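Before any comments, here is the structure.
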Amino acid sequence: MIKRRKTVLVVNDDGIFSPGIKALGLAVAQVADVLVVAPDVEQSGVGHGITFRRPLRFKHTAAAGFGDIPAYRVDGTPADCVVMGVNLLNRPDMVVSGINLGANMGDDLTHSGTVAAAIEGVSLGLPAIAFSQMSNEGEYDFTAGAAYAAKLVARVLEEGLPPRTLLNVNIPPHVVGARVTRLSDHRYEDTLVTRQDPEGRDYHWVSGKPKAEYAHDSDFGAVEDGLISVTPVRLELTAHDLLDTVSRYLPEVESSVLL
Ligand code: MN
């Protein structure tokens with residue numbers, strides 16, 4: 001029996017000219033047909049934003065170094081790229097996002113455009129994986145992460161993922177293995193850095209002080225040990241254990257506003 005080669009949509013949030021998406025696209029092309037759709041400029045930190053107040057352009061981009069792999073850039077967000085990739089091209093079998101320059105662990109998932117692209121894929125009913133690479137003093141080596149990505153994508157194409165779930169993968173600078181993890185309680189205490197422009201007017205940078213948790217079973221703990229961290233993430237955000245507690249103190253609605 002001839003097995004049809006599957007199609008994988010490759011997206012990112014660092015933009016189509018990032019070395020991370022090139023490494024991922026070329027690696028995944030060893031195990032599937034690849035289509036690349038990515039933002040034309042960096043969109044890190046935009047989360048799951050979508051563009052619906054202006055039109056979007058979709059342009060073939062030969063210059064991004066993907067060779068024979070069809071690559072398109074979009075003047076929108078990572079989630080826009082997934083919507084366009086899934087609708088304008090043949091519906092892919094899977095969405096993969098990255099490889100992001102920098103980790104996406106713990107609370108980072110709520111800001112990450114890389115993870116949001118995977119979430120958009122899941123929302124459209126496709127299995128999805130987000131890949132992020134930690135640097136070695138500012139230098140990124142995608143060799144180990146890209147090779148692992150090709151193998152993991154091949155596995156998920158075979159095994160599938162349950163509905164409403166994705167895998168969030170973080171790759172340390174020096175890889176000695178892999179571990180399944182939970183999201184750490186890794187967060188930032190957001191701060192504001194205020195400076196003055198040459199005219200003496202204040203301007204502000206949103207910044208953050210990281211508060212990391214290094215527990216052994218967490219994503220942060222795994223990459224500290226040199227392990228590729230693979231976290232299954234579910235889009236179900238309901239706090240089921242609080243349904244009773246909240247229902248106990250829910251205020252009554254004034255009868256005058258009831259129909
Ligand atoms: Mn990024």
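Just so it is clear, the model here is predicted, and its values are computed rather than measured. Sequence positions, counted from 1, serve as the residue numbers for this chain. For ligands, and for the atoms within them, numbers begin at 1 and follow the listed sequence.
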Next item on the list: Verify the neighbour count for atom CG of Asn87: are there more than 12 heavy atoms of other residues, nucleotides or ligands below 6.0 Å?
Entry: yes
Checklist line | Side-chain donor/acceptor of Asp80 to backbone N/O of Thr51, under 3.5 Å | finding: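 At least one qualifying donor-acceptor pair exists.
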Item checked: Any residue meeting ring-ring contact (aromatic ring centres under 6.0 Å, His included) with Phe220, in chain and number order, not counting sequence neighbours ->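 For Phe220 the ring-ring contact (aromatic ring centres under 6.0 Å, His included) partners, ignoring immediate neighbours, are His186, Tyr214.
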Next item on the list: Test Arg54 against Asp75 for salt bridge (charged side-chain N to carboxylate O under 4.0 Å, His left out), laying out the working first.
Entry: CA-CA 10 Å; Arg54 63 170 176 84; Asp75 56 341; 3.5 Å; yes
Item checked: For Arg179, salt bridge (charged side-chain N to carboxylate O under 4.0 Å, His left out) partners two or more places apart ->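 Partners of Arg179 under the salt bridge (charged side-chain N to carboxylate O under 4.0 Å, His left out) test: Asp225.
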Checklist line | Residue pairs passing the ring pair (Phe, Tyr, Trp, His ring centres under 6.0 Å) test where at least one lies in residues 80-120, sequence neighbours excluded | finding: none
Note to self: So, at under 2.8 Å, which protein N, O or S atoms would a careful student list around the Mn ion (ligand 1)?
What the structure shows: Asp13 OD1, Asp14 OD1, Ser44 OG, Asn100 OD1
